[in-house]
Colleague: 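Have a look at this one.
Here, residue 1 is the first one in the sequence, and each next residue gets the next number.
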Amino acid sequence: KQARGTLAQGLANLRTSSAPRWLLLTVAFSRVALAPFVTLLPVFAKEVFNRDVDSLGMMMAAFGFGSLAAALTLANRAHVSGFSLKVVAGCLCAGAAAAVLSCNQHFLVALALMVVSGWSTVMIVTSSHILLQAVIPDHMRGQLMAFFGMAYGGTLSVASLCAGALASMIGAR
């Protein structure tokens, strides 16, 4: 019978195993970097694009459309090969979309960028989740998935708070 791992064992596993550590850091960093997409979206709709709440809804729908497209793409995969490339592609696309959105002034371009951002977010997080499940030992799954939950959810709250504070000091862009 395998003993249940402790939190300390989970941390030890992260220190010695590069794949889970890389995946958790990727998820945490991407959540921090992408927090402004959703957190500052109302500010962008109102101040950058001079639009109302309907346009904000369109931007959120575009993000959701990209998310759905990524989810459907990943749902049709039968094995984990190629998922690391999907994580990298998601990171590159998310960074490019964020950079272009920060200097964009055209609403239709922003809608396209929101589709890319939604696709990228789901591609990064879901592919990392699937890979993490595939590479961690069964007896450590609970501990490492708890770390995944912290990397995914915990960082978003802090990043959103920081993004809002920065936006109030230097502007949404």
Colleague: Examine distances only and state if a side-chain atom of R141 and a backbone atom of Q133 form a donor-acceptor pair shorter than 3.5 Å.
Modeller: yes
Colleague: Do I136 and Q143 touch side chain to side chain, with heavy atoms closer than 4.5 Å?
Modeller: no
Colleague: With a 4.5 Å limit on heavy-atom distance, are the side chains of F44 and L101 in contact?
Modeller: yes
Colleague: OG1/T26 to CD1/I124 distance, rounded to the nearest 0.5 angstrom?
Modeller: 8.5 Å
Colleague: One pair to check against side chain to side chain contact (heavy atoms under 4.5 Å, CB included): L74 and K86. What are the steps and the verdict?
Modeller: CA-CA 9 Å; L74 294 173; K86 292 186 180 309; 3.6 Å; yes
Colleague: Compare all side-chain heavy atoms of V88 with those of S84 and state whether any distance is below 4.5 angstrom.
Modeller: no
Colleague: Decide whether V80 and V135 are clustered together by the hydrophobic rule: side chain heavy atoms of Ile, Leu, Val, Met, Phe, Trp, Tyr closer than 4.5 Å, transitively.
Modeller: yes
Colleague: Please walk me through it: do F147 and L11 pass side chain to side chain contact (heavy atoms under 4.5 Å, CB included)?
Modeller: CA-CA 9 Å; F147 288 124; L11 286 170; 3.5 Å; yes
Colleague: Is a side-chain donor or acceptor of S160 paired with a backbone partner of S157 at a separation under 3.5 angstrom?
Modeller: no
Colleague: Could you check if a side-chain atom of F148 sits within less than 4.5 angstrom of a side-chain atom of L23, using non-hydrogen atoms only?
Modeller: no
Colleague: Under 4.5 Å between side-chain heavy atoms, counting indirect links through other Ile/Leu/Val/Met/Phe/Trp/Tyr residues: same cluster for M114 and M58 or not?
Modeller: yes
Colleague: Which distance, rounded to the nearest 0.5 Å, do you find between the CG of L161 and the OG1 of T39?
Modeller: 9.5 Å
Colleague: If you measure from OG on S117 to CZ on F63, what distance do you get to the nearest 0.5 Å?
Modeller: 4.5 Å
Colleague: I need the T155 OG1 to F29 CZ distance, nearest 0.5 Å.
Modeller: 11.0 Å
Colleague: Work out which heavy atom in A94 is nearest to a heavy atom in S120; give both atom names and the distance.
Modeller: N-OG, 3.3 Å
Colleague: Answer with yes or no whether the hydrophobic clustering places L108 together with V100; edges join I, L, V, M, F, W, Y residues whose side-chain heavy atoms lie under 4.5 Å apart.
Modeller: yes
Colleague: Does any non-hydrogen side-chain atom of R77 lie less than 4.5 Å from one of I130?
Modeller: no
Colleague: Look only at the side chain of R31 and the backbone of Y152, and say whether a donor-acceptor pair between them is shorter than 3.5 Å.
Modeller: yes
Colleague: Heavy atoms, side chains only, cut-off 4.5 Å: are S55 and F49 in contact?
Modeller: no
Colleague: Is there a path of hydrophobic side-chain contacts, each under 4.5 Å between heavy atoms of I/L/V/M/F/W/Y residues, joining L14 to L25?
Modeller: no
Colleague: Take V87 and W22, measure what side chain to side chain contact (heavy atoms under 4.5 Å, CB included) needs, and give me the verdict at the end.
Modeller: CA-CA 11 Å; V87 173; W22 178 81; 3.8 Å; yes
Colleague: Determine whether F107 and M59 satisfy the following criterion, side chain to side chain contact (heavy atoms under 4.5 Å, CB included), listing intermediate values before the conclusion.
Modeller: CA-CA 9 Å; F107 183 70; M59 292 174 78; 3.6 Å; yes
Colleague: Specify the closest pair of heavy atoms between A159 and V32, including all atoms of both residues, with the distance to one decimal.
Modeller: CB-CA, 3.6 Å
Colleague: Are T121 and S67 packed together at the side-chain level, in the sense that at least one heavy-atom pair is separated by less than 4.5 angstrom?
Modeller: no
Colleague: Are any side-chain N or O atoms of S30 and backbone N or O atoms of V27, one a donor and one an acceptor, separated by less than 3.5 Å?
Modeller: yes
Colleague: Looking at every heavy atom in both W119 and C93, which two are closest together, and how far apart are they?
Modeller: CZ3-SG, 3.9 Å
Colleague: With sequence neighbours excluded, tell me which residues meet side-chain contact (heavy atoms from CB on, under 4.5 Å) with V109.
Modeller: N104, H106, L113
Colleague: Please report the closest heavy-atom contact between A167 and L40, naming both atoms and the distance.
Modeller: CB-CD2, 3.6 Å
Colleague: Give, for atom CG of L68 and atom OG1 of T73, the distance between the pair rounded to the nearest 0.5 Å.
Modeller: 9.0 Å
Colleague: Taking S102 for its side chain and A99 for its backbone only, find out whether a donor-acceptor pair lies under 3.5 Å.
Modeller: yes
Colleague: Please tell me whether V116 and L41 are part of a single hydrophobic cluster in this structure, the criterion being side-chain heavy atoms less than 4.5 Å apart.
Modeller: no
Colleague: When rounded to the nearest 0.5 angstrom, what is the spacing between CG in L85 and CE in M123?
Modeller: 11.5 Å
Colleague: Heavy-atom distance under 4.5 Å between the side chains of M169 and L166, does that happen here?
Modeller: yes
